[in-house]
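Notes to accompany the following structure.
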Amino acid sequence: MRAALWFVGLFALAVAVALFAGNNQGMVSLFWHPYRVDLSLNMVLFVLLAIFAIGYAAMRALSALVMLPHHAKHWRQQQKERQMYQALVESLSHLQAGRYVRARKSALDLLKLSDALRTEHANIPQDATLRAIAHMLSADSAHALRDVQARDTHYAQALDDVPLNGTQQQQEVREGAQMRAARWALDDRDPQEALRRLAQLSPGAARRTMALRIQLKASRLAHETQSALDTARLLAKHGGLSPEAASSITRGLILEQLQHTHDAEQLQRVWSGLHAADRHTPDIALSAARKLIELQGDASVARSWLQPVWEQLVSDPQSLTALQTQRFFMGMQQAMEGLDAPWLARIEAAQRAAPQEPRLQYLAGMACVQRQLWGKGEQLLQAAAPRLSDNALRASAWKALAVLAEQREDNAAAAHAWRQAALQAPL
């Protein structure tokens, strides 16, 4: 359609020129004493048009000639800029392929080209950002080559190229460099330096998944269990960890935190700071109760920590593993001191509900002994001791029977019980 309109316009112009020039009888007379020159108006118009065209062409040619050095300089700068981007791509590809020497060389080539363009006062878009990225690529390569001095030098230069008050893109490059530097510190087994570099991040960047993962690793390496635990929970909340991984990491950190307590008061503070779901986790409750007994804490408090595990064991024994069940009975045995009537009633009710379970018989027997019900306790322990599969529980049952026999001055029964207890000890 556009071509048709152009054709119609040119045709109309040709018709107008033909009508004007064909019937134009005008004359132009030029007087230059003593001469006179008569020219047709058409000729004059044609000459004027030709002079204008020639003059315009000459001016354009002169302008092109004058601008030729500038265009040549601009072309050379464009070539260098293209070489910069090519060097950036090469450095990235070499770094990903593990060719660290080549990656470093390509990044240094980019920096040399940038320096040359800056000397020529060229205006290169994103020059500072490109230089910072090139420095970080060089630093990454130097880190892989164990050249710590060169790595730190390039890292400092990268931060200089992207200042704090730079553009949004420069801020992102700076934050990425700081996170990368924190990961280098982790590789160097220097968690404190990693945490220091993470502390330099802005609040928004510090909450990103990558930063939180680095902080989690650094906190665990620095044995800052509470900080690692808070970070793991934050990662799980924002989907940075799968539910299975979050549960495993959180459980491991809590167990580590419990094991590093030094007195019963500190242990109870740690326990009170846990979430309700964590306190109901069997492994955590069992470890906490055992640690409290080791620290000579209150046995009634240990039993209260074990109560959720007890309820789980009574309602669904299959929900606990064999090791957890064994640890529970051993923990309850250690927490028998000062056993109250409600706990005795719970244990007896469970034993009556499962009369063939030797571990419940053992626990009921130990509870009766603790409550000074000697006869009933001895009866239950004698029934349970031969059938217990766990050596530690069996040895404990025979020891209790030996003590009861000594109390009633039955030396033969006591000797037999002590002999059976000794046979259960590991070689």
Give a yes or no on whether the backbone of [Y] and the side-chain of [X] come within a donor-acceptor separation of less than 3.5 Å.
{"X": "Q171", "Y": "L164", "answer": "yes"}
{"X": "S91", "Y": "A87", "answer": "no"}
{"X": "H143", "Y": "A139", "answer": "no"}
{"X": "S304", "Y": "V301", "answer": "yes"}
{"X": "S248", "Y": "A245", "answer": "no"}
{"X": "Q382", "Y": "Q379", "answer": "no"}
{"X": "S114", "Y": "L110", "answer": "no"}

Return yes when atom [atom1] of [X] has more than 12 non-hydrogen atoms of other residues, nucleotides or ligands closer than 6.0 Å, and no otherwise.
{"X": "R183", "atom1": "CZ", "answer": "no"}
{"X": "Q79", "atom1": "CD", "answer": "yes"}
{"X": "K80", "atom1": "NZ", "answer": "yes"}
{"X": "M210", "atom1": "CE", "answer": "no"}
{"X": "R251", "atom1": "CZ", "answer": "yes"}
{"X": "Q268", "atom1": "CD", "answer": "yes"}
{"X": "E337", "atom1": "CD", "answer": "no"}
{"X": "R151", "atom1": "CZ", "answer": "yes"}

For [X] and [Y], which heavy atoms make the closest approach, and how far apart are they?
{"X": "L212", "Y": "R207", "answer": "CD1-O, 3.5 Å"}
{"X": "L186", "Y": "A218", "answer": "CD2-CA, 3.6 Å"}
{"X": "L195", "Y": "Q215", "answer": "CD2-CG, 4.0 Å"}
{"X": "T250", "Y": "A232", "answer": "OG1-CB, 4.3 Å"}
{"X": "A128", "Y": "Q170", "answer": "CB-NE2, 3.6 Å"}
{"X": "M179", "Y": "A205", "answer": "CE-O, 3.6 Å"}

Inset, instruction - Evaluate side-chain contact (heavy atoms from CB on, under 4.5 Å) for I347 paired with L360, printing each intermediate quantity in order. - result: CA-CA 7 Å; I347 295 172; L360 287 176; 5.9 Å; no
Inset, instruction - Would you kindly check if the NZ (Lys) or CZ (Arg) of R180 is within the cone defined by 45 degrees around the ring axis of Y155 and under 6.0 Å from the six-membered ring centre? - result: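 Pair R180/Y155 does not count as cation-pi.
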[X] and [Y]: side-chain donor and acceptor closer than 3.5 Å?
{"X": "S219", "Y": "S227", "value": "yes"}
{"X": "S300", "Y": "D298", "value": "yes"}
{"X": "S319", "Y": "Q312", "value": "yes"}
{"X": "Q157", "Y": "R131", "value": "no"}
{"X": "W184", "Y": "D140", "value": "yes"}
{"X": "S202", "Y": "E175", "value": "yes"}
{"X": "Q351", "Y": "E357", "value": "no"}
{"X": "R220", "Y": "T225", "value": "no"}

Legend entry - side-chain contact (heavy atoms from CB on, under 4.5 Å) assessment of W343 paired with M332: CA-CA 11 Å; W343 262 107; M332 279 298 299; 3.8 Å; yes
Inset, instruction - Please test Q169 against Q126 for side-chain contact (heavy atoms from CB on, under 4.5 Å), starting from the C-alpha separation and ending with a verdict. - result: CA-CA 9 Å; Q169 187 178 38; Q126 309 297 332; 2.4 Å; yes
Inset, instruction - Working to the nearest 0.5 Å, report the span between CG of L201 and CZ of R174. - result: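 One gets 10.0 Å once the value is rounded to the nearest 0.5 Å.
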Inset, instruction - Find the distance between CG (L393) and CZ (R387) and round it off to the nearest 0.5 Å. - result: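 One gets 13.0 Å once the value is rounded to the nearest 0.5 Å.
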Inset, instruction - Could you check E90 against R102 for salt bridge (Lys or Arg N to Asp or Glu O under 4.0 Å), going step by step and ending with a plain yes or no? - result: CA-CA 8 Å; E90 288 178 354; R102 295 187 181 185; over 6 Å; no
Legend entry - Among L267, L258, T261, side chain to side chain contact (heavy atoms under 4.5 Å, CB included) partner for L292: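 Option passing the side chain to side chain contact (heavy atoms under 4.5 Å, CB included) with L292: L267.
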Legend entry - Stepwise side-chain contact (heavy atoms from CB on, under 4.5 Å) test for D278 and R233: CA-CA 12 Å; D278 295 329; R233 286 171 174 164; 2.7 Å; yes
Inset, instruction - Step through it carefully: locate the ring centre of W305, locate the ring centre of W271, and say whether they are under 6.0 Å apart. - result: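 Close enough - the centres of the two rings lie under 6.0 Å apart.
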Legend entry - Stepwise side chain to side chain donor-acceptor pair (under 3.5 Å) check, Y100 with R104: CA-CA 6 Å; Y100 302 115; R104 187 176 180 179; over 6 Å; no
